[in-house]
Amino acid sequence: MAEADPMDMVAADGAEALKALYPSLRGKRVLVTGGGSGIGAGIVEGFAAQGADVTFFDIAREDSNALVERMKAGKRKACFEYVDLTDIATLQGMIARLIERSGPFDILVNNAANDDRHSIDDITEDYFDNRLNVNLKHMFFCAQAVIPSMRARGRGVIVNLGSISWHLGLNDLTLYQTCKAAIEGLTRSLARDLGPDGIRATCVIPGNVRTPRQLKWYTPEGEAEIVAAQCLKGRLVPDDIAAMVMFLASDDARLITGHSYFVDAGWR
Ligand SMILES: NC(=O)c1ccc[n+]([C@@H]2O[C@H](COP(=O)([O-])OP(=O)(O)OC[C@H]3O[C@@H](n4cnc5c(N)ncnc54)[C@H](O)[C@@H]3O)[C@@H](O)[C@H]2O)c1
């Protein structure tokens, strides 16, 4: 028999942790960006398990369709819309159409990003703009598109995905980390301006989460190094991040806004 991968075992421990059900999430309309794979897919599945009505945007058709099919097999539902988030007019047009067709969104999760490595010397002006477009700009414009209908009802939740990377100061991620630092500032600004309208904005800061894409960057030895640097020795999986997002999106967090929450097993 093939030997069990200990990393899979600690990942499985983590997946078991997602158990809470929030009655306030039932029937809520949720939009998740980059929901086709990785953490976003975990968030989409998390909301569906809560009985929420979930739509996600992505450019990865194959992964996104596979997620929808996998969920169907488990009697869960999510709606996939192909949207390239770097195209602001298209993303805002799509949000407007979805609101017109099915009503306002209660919850927006700004999750999509791209952590391609880059060295300072290789960054051109085009690449700089491209990294800001893929990692930051859409978060503001998705929020801008859902805010008016949230405001009209006096409630709404925006959860942005940050990253531990810039807190640690990792190599070869200058522009990604610049965006991730900005997202914490964006969160505080949205919380201040939108609080009087009953709209909350928070940020979730993942540590290193075992997703298909992360396995591209880390060897088993690299993963073991990360676990060694964590206080807790489990390997983070998307469900661990989704668990925090569910809580922050629920009414249980009704007076929580403007802050960022680490889910990193104590990595430093
Ligand atoms: N995985 C980690 O260890 C980790 C650590 C810290 C922070 N994060 C953050 O968590 C979030 C999710 O990360 P992940 O690891 O699941 O990423 P991922 O790369 O696995 O998934 C991101 C998803 O966004 C989609 N996407 C990318 N560009 C897009 C675009 N232009 N338009 C539409 N969709 C697009 C991708 O197709 C993909 O499905 C990101 O904000 C990331 O920065 C992840």
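Note that the structure is a prediction, hence the values are computed from the model and not measured. Whatever order the structure lists them in is the order used to number ligands and atoms, beginning at 1.
For atom 12 (C) of ligand 1, the closest non-hydrogen atom of the protein is Asn111 OD1, 3.1 Å. Protein heavy atom in closest approach to atom 31 (N) of ligand 1: Asp84 OD1, 3.1 Å. Remark: minimum distance from atom 32 (N) of ligand 1 to any protein heavy atom is reached at Leu85 N, 3.0 Å. Looking only at heavy atoms of the protein, atom 13 (O) of ligand 1 is closest to Ile39 CD1, 3.9 Å. Shortest contact from atom 22 (C) of ligand 1 to any protein heavy atom: Ala113 O, 3.9 Å. Of all protein heavy atoms, the one closest to atom 43 (O) of ligand 1 is Tyr176 OH, 2.5 Å. The closest protein non-hydrogen atom to atom 2 (C) of ligand 1 is Val209 N, 3.6 Å. At the top of the distance list for atom 9 (C) of ligand 1, counting protein heavy atoms only, stands Gly162 O, 3.6 Å.
Residue Val83 touches ligand 1 through its backbone alone, judged by heavy-atom distances below 4.0 Å.
For the pair Arg131 and Tyr176, the cation-pi criterion (under 6.0 Å, within 45° of the ring axis) is not fulfilled.
Arg117 CZ: more than 12 foreign heavy atoms inside a 6.0 Å radius. No more than 12 heavy-atom neighbours from other residues, nucleotides or ligands sit within 6.0 angstrom of CZ on Arg254.
Of the residues listed (Val68, Leu98, Thr55), the one engaging Cys79 in a side-chain contact (heavy atoms from CB on, under 4.5 Å) is Thr55, and it is the only one.
Residues Glu69 and Lys72 are paired through a salt bridge, judged by an N-O separation under 4.0 Å between the basic side chain and the carboxylate. We find that Asp106 and Arg155 are joined by a salt bridge, their nearest charged nitrogen and carboxylate oxygen being less than 4.0 Å apart.
Distance screen at 4.0 Å: atom 19 (O) of ligand 1 has a protein heavy-atom neighbour inside the cut-off.
Residue Asp58 places a heavy atom less than 4.0 Å from ligand 1. In this structure, Ile59 is part of the shell of residues with a heavy atom less than 4.0 angstrom from ligand 1. Ligand 1 lies less than 4.0 angstrom from a heavy atom belonging to Lys180. The shell of residues lying under 4.0 angstrom from ligand 1, judged by heavy atoms, includes Gly207.
Of all the atoms in ligand 1, the ones that sit under 4.0 Å from a non-hydrogen atom of Gly38 are 16 (O), 20 (O).
Residues Glu184 and Asn160 bring no donor and acceptor atom of their side chains to less than 3.5 Å of each other. For the residue pair Asp121/Ser119, the side-chain donor-acceptor check at 3.5 Å is not satisfied.
Checked against the 6.0 Å centroid threshold, Phe57 and His138 do not count as a close aromatic pair.
Taking the six-membered ring for Trp and thresholds of 30 and 60 degrees, Tyr22 and Phe247 have ring planes inclined between 30 and 60 degrees apart.
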